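Just so it is clear, the model here is predicted, and its values are computed rather than measured. To find a chain, count down the sequence lines: A is the first, B the second, and so on, and within it residues start at 1.
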2 protein chains.
Amino acid sequence: MSTIANASAPRLRADALRNRERILVAARESFCLHGVDAPLDEIARRAGVGNATLYRHFPDRKSLLLHVLLYVNQRIIDLVEKSLVEESDPFEALRGLVLSGVRERVGGLSPLLATEVDHEDPLLKASKRRMHEVTEQLIQRAHASGQLRRDVGPGDLMIAIVRLTLPLPGSACGGSDDLAMRHLEIFLDGLRTPARSELPGPPRTLGDLKDEFC
Amino acid sequence: MSTIANASAPRLRADALRNRERILVAARESFCLHGVDAPLDEIARRAGVGNATLYRHFPDRKSLLLHVLLYVNQRIIDLVEKSLVEESDPFEALRGLVLSGVRERVGGLSPLLATEVDHEDPLLKASKRRMHEVTEQLIQRAHASGQLRRDVGPGDLMIAIVRLTLPLPGSACGGSDDLAMRHLEIFLDGLRTPARSELPGPPRTLGDLKDEFC
DNA sequence: AAATAACCGGGGACGCCGTCTCCGTTTGAA
DNA sequence: TTCAAACGGAGACGGCGTCCCCGGTTATTT
């Protein structure tokens, strides 16, 4: 399933593998809903699994966090790669990224990166590097086509996606996808050429994001 | 200072009044930074005040929360009212609201409304009503001038302001004001006539926000 | 189908942290 | 100067999240 394979996995038993997947999904939902401090026991409960099982798979919160991030990142990368080859209109490809950002709850999950995850972890670094590559490509193509205003960079788009898809505290995770999409559509309109205003500050690159985002 | 006066205040001593103000400001910062669960003792410490003093002024977290919201709401209302009389260009008035939203950390504070505050509190209700009135006026004038696209409502603007000024978890409160302003500027460009796309769903009114926002 | 090893799950001990109060001390008001 | 109001630090209390233990269960292997 994941292109970045966990190399030396000692062959998990069938039910163990299934539980591992369940835990990852449950953790994603819980973290998205209750933040990074979501009780691990509740994640286990949501996964339909004993808490001991969770701790067996992921020794501590840090480890669980890392693997949730890897899991999610990979899904987004897959979507963007697909968009790069299948969508001929660069600006539509941009919209594709935005749409998948909404679907994958990027906003809810991205804050996890700002916490105690190990940014030196080789798997995470590789995942982030790949994410950077594909989004850069997306932006470059949109620029080249003349549809995207020149004074914005990849960092601007990524941050905006995160912000506009953040689950508003108090509302269910992804309970207002249509609203988010509405506002992202307005934002996209603002990104089109010709530019209607002068923006303060320089275009943001992905380097400006400094470990805080995908 | 506040137009909605706390009626039967039994005359606070000078230092008590000063401390009350300090606590409100510190609470605003802390809530903005660490969410609604920010430790009250830390708020007291940040205010340079003993914890007992905090509990003397505000018996419980709920009370503190309420008064922080009233405090902040009032400041925003004042700014918008000023903008309504002083700014002749309606779209510039809109930008004024956005700008003050950034300055007043609306994004960081608005989530507080989604928690255990009493939405039946008469002071809060009055404050919210007034906030609705002035923002409605702002939007109507922008619509009337023909500068604001017809398929957006006040609710769209308010939610976008909240979202785009949300403090990104892990970064200091208001540490990226310029970035937020940049993206709000792009969003404003998307709001201008003529509309560059068809938006999904109906224009959002303030009623659609249902207690979740100012 | 039986044996074995891996895996599961719930209960509960431990420790941390936030809440709130007590009381001796300080400070503003008259 | 006098008094009441306000202050602040320290600490008891309680809740909750983390993590381990161990008896039971399920998948694999021959």
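- The CD1-P distance, from B/I23 to D/dA6, rounds to 12 Å in whole Å.
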Name the atoms and distances for all side-chain donor-acceptor pairs under 3.5 Å in residues 151-163 of chain B, with sequence neighbours left out.
| unit_1 | atom_1 | unit_2 | atom_2 | d |
| --- | --- | --- | --- | --- |
| B/D151 | OD1 | B/R149 | NE | 2.9 |
| B/D151 | OD2 | B/R149 | NH2 | 3.3 |
| B/D156 | OD1 | A/R182 | NE | 3.0 |
| B/D156 | OD1 | A/H183 | NE2 | 3.0 |
| B/D156 | OD2 | A/R182 | NH2 | 2.8 |
| B/D156 | OD2 | B/G153 | N | 3.0 |
| B/D156 | OD2 | B/R204 | N | 3.0 |
| B/R163 | NE | A/L166 | O | 3.2 |

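- In summary, B/D60 and B/K62 do not engage in a salt bridge, as defined by a charged side-chain N under 4.0 Å from a carboxylate O.
- If you find the closest nucleotide of DNA chain C to B/D37 and to A/T53, the one lying nearer the 5' end belongs to A/T53.
- The interatomic distance linking B/L17 (CG) with D/dA5 (C1') rounds to 14 Å, in whole Å.
- First and last contacting nucleotides of DNA chain C toward chain B (any atom under 4.0 angstrom from a heavy atom, 5' to 3' order): C/dG18 to C/dA29.
- At whole-Å resolution of the value, CG in A/D41 and P in D/dT18 are 7 Å apart.
- Of the two residues contacting DNA chain C, namely B/Y55 and B/A14, the nearest-nucleotide position lying further toward the 5' end is that of B/Y55.
- As a whole-Å value, the separation of A/L54 CG from D/dT18 P is 10 Å.
- Salt-bridge annotation for A/E92 and A/R95: present, with a side-chain N of the basic residue lying under 4.0 Å from a carboxylate O of the acidic one.
- B/L12 has its CG atom 9 Å from the C1' atom of D/dA6, to the nearest Å.
- Taking only distance into account, the side chain of B/R13 meets the base of D/dA5 through a donor-acceptor pair shorter than 3.5 Å.
- Considering A/L12, A/L17, A/L24, A/L64 in turn, A/L12 is the only one that fulfils the side chain to side chain contact (heavy atoms under 4.5 Å, CB included) rule with A/H57.
- A/R18 CZ: more than 12 foreign heavy atoms inside a 6.0 Å radius.
- Under 4.0 Å is where a charged nitrogen must lie from a carboxylate oxygen, and between A/E81 and A/R130 at least one such pair does.
- Closest to the side chain of B/R56, out of D/dC7, D/dA10, D/dC19, is D/dC7.
- To the nearest 0.5 Å, the span separating CG on A/L184 from CG on B/L199 amounts to 11.0 Å.
- Comparing A/R18 and A/A38 against DNA chain D, the residue whose closest nucleotide sits nearer the 5' end is A/A38.
- Residue B/D15 contributes atom CG, which lies 5 Å from atom P of D/dC7 at whole-angstrom precision.
- Within the 4.0 angstrom heavy-atom criterion, only backbone atoms of the sugar-phosphate kind lie near A/N19; the bases stay farther away.
- The distance between atom NE2 of B/H57 and atom C1' of D/dA5, rounded to the nearest whole Å, is 11 Å.
- Using a 4.0 Å heavy-atom criterion, one finds that B/A52 contacts the bases of the nucleic acid, with or without backbone contacts as well.
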